[in-house]
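Data block below; observations after.
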2 protein chains.
Amino acid sequence: MTWIKAPAGEPREKTRMTTFAEAFQRFADQFLPPNLSDAMHLRFQAAARSSQLGRENSLEFGDGGQHIVFVVRGATKLVAHASESRDQIVAFHFAGEVFTVPEPGNHSYSVSALKDCDILSFRWTDFSTLASSEPAVLRRLLETTMQSLRRCRENAIGLGRKTAGERIAVFLLGMAERIGSEQDGRIFLDLPMSRRDIAESLGLTIETVSRQLTKLKEEGVIQTAGRSGVILGARGHLRDRAGFLLEAA
Amino acid sequence: MTWIKAPAGEPREKTRMTTFAEAFQRFADQFLPPNLSDAMHLRFQAAARSSQLGRENSLEFGDGGQHIVFVVRGATKLVAHASESRDQIVAFHFAGEVFTVPEPGNHSYSVSALKDCDILSFRWTDFSTLASSEPAVLRRLLETTMQSLRRCRENAIGLGRKTAGERIAVFLLGMAERIGSEQDGRIFLDLPMSRRDIAESLGLTIETVSRQLTKLKEEGVIQTAGRSGVILGARGHLRDRAGFLLEAA
DNA sequence: CGGACATTTGAACCTCATCAAGGGTCGTGG
DNA sequence: CCACGACCCTTGATGAGGTTCAAATGTCCG
């Protein structure tokens, strides 16, 4: 049903951290209501497919429908294929998150791994059937979808109306909130995505991303450590550069 | 709770086409399951607020939460205010459609009328409470939200990776599908939105939109009739300019 | 028919993309 | 542990697509 593509290097098996049962259990803990009947639990489990993805490997959905994806471990990007060498990253997702993959239409979508990943996926038709009589699951899924929609809209504002500098600032603030760790007032980021990924999510080129990061570094707003490390100084300074409304706190 | 802003000219009452009861009935027909109990029906009705909006008047949501909006009659735009004179239109919605308005965060959102509108709105907290025990309503809302998400993502691809010409082509094709009327092979569009609206939804300026439309006209791909009339020739010609994947049908 | 306003058209400018090297970083193998 | 090498990232120079500013033309409403 699903097919793993390895664009560069072969899929590394490395440490297969989780078994299918463990993976599904994590999904159930995160997403299914605690009082769900054992029968339903099993039916959801039967509908789930697990995949291990090595870095930069991608999961394509051969059957042309929507899919629901749960990230058990690792970090992923949802990529839309506009055309030859014009990809747009529509969303990043980290361990514990659930999202939907649209069915192919004018553009096709795939999920790929920013770092080694364990992933659980469901065909929407299957999932929908199971969930339709479980209001708690529907609510949870609705919540998740609304969250994705909010993020997508915020992203669209950036893509449509913000300068390169503002987009980078927004990106860093967003990542800080999602995967940053705070230590004595400063926020440490270990970005799992490459400059190319950042560029493709912000509608820019890697060169522009690099230049903007350099600029922020020169202005003392951030520090960098290697390829993936970023240390944010006072968050206010980044906010000032993000082109947000003034009033907001 | 809600507040009507009239940026230019006073709100015109014109023909108030629908009473509250009629408006709610249309919503119920479209969105609530036919077998819903009378009691629930009344509770939904009690949570609904109706508004009449004249052209270019906007509905702002004073209480800072999410809202659910149903367009009874007319056509609307969902506008995000990025900052002073930098607005991004996040979605257009037409009669019969339901959508969510995000709560204000880094940016604030409002709904305004492309032409005279009747609108029904719900606070999300109210709606959510009522819907949580009605799987059919949840399913319907989930469907709607997924549809919005798909559209938003497609739009994001355009904003991030497409040229002005491609964005216009995609826009026209999308509008043709939603509000076009076909007559002997050609599609007639009566665009309810101004060039400014088109520009603000595509992340362009009105001048660029105008130039691109002129170009399409010169190339014989479209014809225009007044401000709002557009006639699409062979749809294939527009598709060729939309930057879609080649294979797709 | 007149007038306000939306749209079109034109010209100069600017941001960011593109093309092209030059450094760093990190993984691999010795 | 160090050194090599591939790849990623940075930096520089140039150019195009789209914005901005300005003005003419069209459209539609009263």
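Below, chain A is the first sequence line, B the second, and so on; all start at residue 1.
- In this structure, B/I231 and B/L189 have side chains that are not in contact, with every pair of non-hydrogen atoms separated by 4.5 Å or more.
- Surrounding CZ of A/R178 are more than 12 heavy atoms belonging to other residues, nucleotides or ligands, all under 6.0 Å away.
- Distance, A/L204 CG to D/dG17 P: 18 Å, rounded to whole Å.
- Environment of CD in B/E177: sparse, with no more than 12 heavy atoms of neighbouring residues, nucleotides or ligands closer than 6.0 Å.
- For B/R227 against D/dT27, a side-chain-to-base donor-acceptor contact under 3.5 Å is present.
- Using bins of under 30°, 30° to 60° and over 60° for the plane-to-plane angle, the ring pair B/F92/B/F171 lands in the perpendicular bin.
- Remark: A/E207, A/S210, A/R211, A/T214 in residues 205-220 of chain A come within less than 4.0 Å of DNA chain D through at least one heavy atom.
- Counted by atom type alone, A/T205 and A/T208 present one or more donor-acceptor pairs between their side chains at under 3.5 Å.
- Backbone-only engagement by A/G203 is indicated by non-hydrogen atom pairs under 4.0 Å involving sugar-phosphate atoms exclusively.
- Atom CZ in A/R196 sits about 13 Å away from atom C1' in C/dT18, given to the nearest Å.
- What separates CD1 of B/I222 from P of C/dT7 is a distance of 14 Å, to the nearest Å.
- Going from atom CZ of B/R161 over to atom P of D/dG18 covers 14 Å, rounded to whole Å.
- Using the six-membered ring where Trp is involved, B/F99 and B/H93 have ring planes that are parallel, under 30° apart on the 30 and 60° scheme.
- Residue B/M193 is the one, among A/R167 and B/M193, whose nearest nucleotide of DNA chain C lies closer to the 5' end (criterion: closest heavy atom).
- No close placement of the B/Y109 and B/H81 rings is indicated, their centers lying 6.0 Å or farther apart.
- For the pair B/D190 CG and D/dT27 C1', the interatomic distance rounds to 14 Å; values are reported in whole Å.
- Taking atom CG of residue B/L159 and atom P of nucleotide D/dG18, one finds them 13 Å apart after rounding to whole Å.
- Here C/dG23 presents its C1' atom at 14 Å from CZ of A/R195, a figure rounded to the nearest Å.
- Nucleotide C/dC26 holds its P atom 12 Å from the CZ atom of A/R55, rounded to whole Å.
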